[in-house]
Visitor: 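One structure, as structure tokens, below. Some questions next.
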Amino acid sequence: MIRVLVVLVALLAAGCSEEAAKATDGGVPAEAGPTDPAPESPSTTPEPATDLLPNLRSLPAERLSLQRTDDGGLELRFAGILANVGAGPLVVRPDNRGPCKVGQRHASQVVYGDANGNGVYDVRTDGETYQLRAGCMLDHPAHKHWHFDAMARYTLHAPGEERPVVENDKVSFCLRDSRRAPVDPTHPQRYRQCTRDTVQGISVGWSDVYRPSLAGQELPLPDDLAEGTYCLETEADPDRLLRESNENDNASVVGVQISSVRADLVAAPANC
Ligand SMILES: [Ca+2]
Ligand SMILES: [Ca+2]
């Protein structure tokens, strides 16, 4: 008797399961067969976006002049220009992730990823993917903004001589889009000016121009400097604090003819 009841319960349960299956697929039994396409397996791990790194390059110095200082000395003044000719924007964000001197604060580099995989930076789709500790920023109260330290190095040397006549190896810059660089002209100006407590940057295809009158755009000349032609070299990110796609194209050089009263831009000698 008990065996009969167990068999009946099993038959009833099987019947309920079949009805449930029919209800789920609308009452039409699925016809599994060898011609059915294999179900697509869900993508569990999306491909990581390729980095869109900036590429810094110092463009040749412009607007050279000789200026007499208050103490009677002479200094060479010029416009320094840093360009981003890479695939991604150069962006630094103030934070406290690293140690800096009193009066300074740390900033990290923001790296963007090519989320839509087309190889170029698209502001709507290609977002921030990670940050790297970069360096320190200096407060410029008079300017009401911060400068990223050691963005450039300026060196004056005689042709064929490695030892510099004079050098400034830590020129700070407030990063911004001042003027289009001579590359891809399609990217809009995004970092128009430097403000406090916000990110700074140089967009793809833009350059940051520091006019000669700004602090840091000068090299004091020795009193006994001989008149003649010299090499003025400018180099972006000389301490390699920022990650970029090419670390070997950061410098440029111009020739400068220096007399006791003036400085003129000339073609750079071959041994500069
Ligand atoms: Ca570079
Ligand atoms: Ca893209």
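Read the numbers this way: they start at 1 and go in the same order the structure lists the ligands and their atoms.
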Visitor: Shared ILVMFWY cluster between I258 and L64, side chains joined below 4.5 angstrom?
Guide: yes

Visitor: Establish whether V166 and V171 are linked, either directly or via other cluster members, by ILVMFWY side-chain heavy-atom contacts under 4.5 Å.
Guide: yes

Visitor: Decide, counting backbone as well as side-chain atoms, whether A115 has an N, O or S atom less than 3.0 Å from the Ca ion (ligand 2).
Guide: no

Visitor: With a 3.5 Å cut-off and no angle check, do the side chains of N55 and D249 form a donor-acceptor pair?
Guide: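 Short answer, yes.
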
Visitor: Which is it for Q257 and T229 under the side-chain hydrogen bond (donor to acceptor under 3.5 Å, both in side chains) test, yes or no, and what are the steps along the way?
Guide: CA-CA 4 Å; Q257 181 74 35; T229 301; 2.5 Å; yes

Visitor: To 10 degrees, how wide is the angle OD1 (N118) to the Ca ion (ligand 2) to OD2 (D126)?
Guide: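 OD1 of N118, the Ca ion (ligand 2) and OD2 of D126 span an angle of about 160°.
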
Visitor: Keeping to distances under 3.0 Å, can you name the protein N/O/S atoms close to the Ca ion (ligand 1)?
Guide: N55 OD1, L56 O, E244 OE1, N246 O, D249 OD1, N250 OD1

Visitor: Can you label the angle between the Y210 ring and the F173 ring as parallel, tilted or perpendicular, going by 30° and 60°?
Guide: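 Answer is tilted, since the angle falls between 30° and 60°.
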
Visitor: Taking a hydrophobic cluster as the set of Ile, Leu, Val, Met, Phe, Trp and Tyr residues connected by side-chain heavy atoms closer than 4.5 Å, whether directly or through intermediates, do I81 and V253 fall within one such cluster?
Guide: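 I81 and V253: separate clusters.
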
Visitor: Taking the Ca ion (ligand 2) as the vertex, how big is the angle to OD2 in D122 and OD1 in N116, rounded to 10°?
Guide: 90°

Visitor: Would you confirm whether R180, through its side chain, and P185, through its main-chain N or O, come within 3.5 Å as a donor-acceptor pair?
Guide: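 The answer is yes, because a donor-acceptor pair under 3.5 Å joins these two groups.
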
Visitor: Within T125, is some N, O or S atom less than 3.0 Å away from the Ca ion (ligand 2)?
Guide: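 Looking at T125, which is the residue asked about, there is no N, O or S atom under 3.0 Å from the Ca ion (ligand 2).
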
Visitor: Heavy atoms, side chains only, cut-off 4.5 Å: are L66 and V261 in contact?
Guide: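 Contact flag for L66/V261 side chains = no.
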
Visitor: Of all the N, O or S atoms in D114, which one sits nearest to the Ca ion (ligand 2)?
Guide: OD1

